[in-house]
Amino acid sequence: MGSTVDTSDKEISKRFKIIFVLGGPGSGKGTQCANIVEHFGYTHLSAGDLLRAEIKSGSENGTMIQNMIKEGKIVPSEVTVKLLQRAIQDSGNDKFLIDGFPRNEENRAAFESVTGIEPEFVLFFDCPEEEMEKRLLGRNQGREDDNVETIRKRFKVYMESSLPVIEYYNSRGKVRKIDAAKPVESVFEDVKAVFSPLIEKVAA
């Protein structure tokens, strides 16, 4: 496939509409992705789910991913991107929410160079740390990995790695920021306001 990258990638980028969905742990992006799938017919892809499914499949690629995770190494961006690319091409749909990706600048650059696709926009669920902390502690009673200290670490990692991605797309006018501290229904009203013009554009 490597030799025909240029033509196939240009076709892919014309054919598919990609929206990156970013937000900290507890920002409610999973719930909102489910709403978008139901109301607007997008396919929801999670990089983490694809990596887990690949490991479960027992493929050579899956074993390599599993070994890297076991050794505490970071799975190369290209590996994750290729899984996403395959899921996009195999799905039969032409519009996708990619959830929790790109996690950092390296992911972002790899996605664009491997697939040739730039996202339509980035849906960013902006939520104060205190609110996310409250939600995570509230929904995960008894889960040891969701104590305050761990949550704060996860939040710090998220901020340090994802903010440069958000800033990059913001400079290109591609970030749609949603106030995720509001109740779920209000948040989805704001999400609908972002997606409805896209639907109207297609209809026109």
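Every value quoted in this text rests on a predicted model; they were computed, and no experiment measured them.
Proximity of Phe155 to Met132: side-chain heavy atoms (C-beta onward) are separated by under 4.5 Å at one or more points. Using a 4.5 Å heavy-atom threshold, the side chains of Ile69 and Lys73 count as separate. In this structure, Phe188 and His39 have side chains that are in contact, with non-hydrogen atoms separated by less than 4.5 Å. Ile166 places a side-chain heavy atom less than 4.5 Å from the side chain of Leu22.
Atom CZ of Arg103 has 12 or fewer neighbouring heavy atoms from other residues, nucleotides or ligands inside a 6.0 Å radius. Dense packing is recorded around CD of Glu71, with more than 12 heavy atoms of other residues, nucleotides or ligands lying under 6.0 Å away. Within 6.0 Å of atom CD1 in Ile74, 12 or fewer heavy atoms from other residues, nucleotides or ligands are found, so the atom counts as exposed in its surroundings.
Within the model, atoms CG of Leu136 and CD1 of Ile151 stand 4.5 Å from one another, a figure rounded to the nearest 0.5 Å. One distance of note links CD of Glu129 with CE of Met159; it measures 7.5 Å at 0.5 Å rounding. The structure places CD1 of Ile88 at 7.0 Å from OG1 of Thr115, a figure rounded to the nearest 0.5 Å. Going from atom OG of Ser91 over to atom CZ of Arg86 covers 13.0 Å, rounded to the nearest 0.5 Å. A distance of 5.0 Å separates CG in Leu123 from CD1 in Ile36, rounded to the nearest 0.5 Å. Summarising the geometry, atom CD belonging to Glu167 is positioned 12.5 Å from atom CZ belonging to Arg172; distances are rounded to the nearest 0.5 Å.
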Inset, instruction - Let me see the working for Glu112 and Arg108 under salt bridge (Lys or Arg N to Asp or Glu O under 4.0 Å), right down to the final yes or no. - result: CA-CA 6 Å; Glu112 289 188 11; Arg108 179 200 64 72; 3.7 Å; yes

Inset, instruction - Given salt bridge (Lys or Arg N to Asp or Glu O under 4.0 Å), test Glu189 with Lys192 step by step and report yes or no. - result: CA-CA 5 Å; Glu189 286 308 310; Lys192 280 199 279 198; 3.2 Å; yes

Legend entry - Intermediate values then yes/no, side-chain contact (heavy atoms from CB on, under 4.5 Å), Asp179 and Asp126: CA-CA 5 Å; Asp179 177 359; Asp126 191 23; over 6 Å; no

Inset, instruction - Could you go through the side-chain contact (heavy atoms from CB on, under 4.5 Å) check for Met64 and Asn61 one step at a time? - result: CA-CA 5 Å; Met64 183 265 292; Asn61 201 27; 3.4 Å; yes

Legend entry - Evaluation steps, side-chain contact (heavy atoms from CB on, under 4.5 Å), between Arg52 and Asp49: CA-CA 5 Å; Arg52 282 185 285 276; Asp49 288 352; 2.8 Å; yes

Inset, instruction - Give the C-alpha distance, both sets of side-chain angles, the deciding distance and a yes or no for side-chain contact (heavy atoms from CB on, under 4.5 Å) between Gln32 and Ser27. - result: CA-CA 10 Å; Gln32 296 303 331; Ser27 62; over 6 Å; no

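Test Leu45, Leu97, Ile19 against Cys33 for side-chain contact (heavy atoms from CB on, under 4.5 Å) and you get one pass: Leu97.
Applying the salt bridge (charged side-chain N to carboxylate O under 4.0 Å, His left out) criterion to Glu160, with sequence neighbours excluded, gives Lys156. A search for side-chain hydrogen bond (donor to acceptor under 3.5 Å, both in side chains) contacts involving Asp94 returns nothing, not counting sequence neighbours.
Judged by distance alone, the side chain of Lys95 and the main-chain N or O of Thr43 form no donor-acceptor pair under 3.5 Å. In this structure a side-chain-to-backbone donor-acceptor pair under 3.5 Å is present from Ser171 to Tyr168. A distance-only check finds no donor-acceptor pair linking the side chain of Ser186 to the backbone of Lys182 [under 3.5 Å]. The closest donor-acceptor contact from the side chain of Ser59 to the backbone of Ile55 lies at 3.5 Å or more, if one exists at all.
Contact record, Ile117 with Ile18: CG2-CG1, 3.5 Å, taken as the closest heavy-atom pair. Taking each heavy atom of Phe20 and Phe101 in turn, the nearest pair found is CD2-O, 3.4 Å. Nearest heavy-atom pair, Val37 versus His44, reported as atom, atom and distance to 0.1 Å: CG2-CB, 3.6 Å.
Taken together through direct or relayed side-chain contacts under 4.5 Å among Ile, Leu, Val, Met, Phe, Trp and Tyr, Val157 and Val21 form parts of separate hydrophobic clusters.
Note: Phe40 and Phe195 have parallel aromatic rings, judged against thresholds of 30 and 60 degrees for the angle between ring planes.
Side chain to side chain, Arg154 and Tyr158 fail the donor-acceptor criterion of an N or O pair below 3.5 Å. Residues Ser161 and Asn104 bring no donor and acceptor atom of their side chains to less than 3.5 Å of each other.
Salt bridge Glu118/Lys174: present, at least one basic N to carboxylate O contact under 4.0 Å. In this structure, Lys153 pairs ionically with Glu149, as a charged nitrogen and a carboxylate oxygen lie closer than 4.0 Å.
Note that Arg176 lies outside the cation-pi zone of Phe124, set by a 6.0 Å cut-off to the ring centre and a 45° limit from the axis. At least one test fails for Lys29 against the ring of Phe125: distance under 6.0 Å to the centre or angle within 45° of the axis.
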Side-chain polar contacts of residues 75-83 - donor-acceptor pairs under 3.5 angstrom, sequence neighbours left out - could you list them?
from, atom 1, to, atom 2, distance (Å)
Ser77, OG, Glu106, OE2, 3.4
Ser77, OG, Asn107, ND2, 2.9

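In summary, the aromatic rings of Tyr42 and Phe96 are positioned with their centroids too far apart to meet the 6.0 Å limit.
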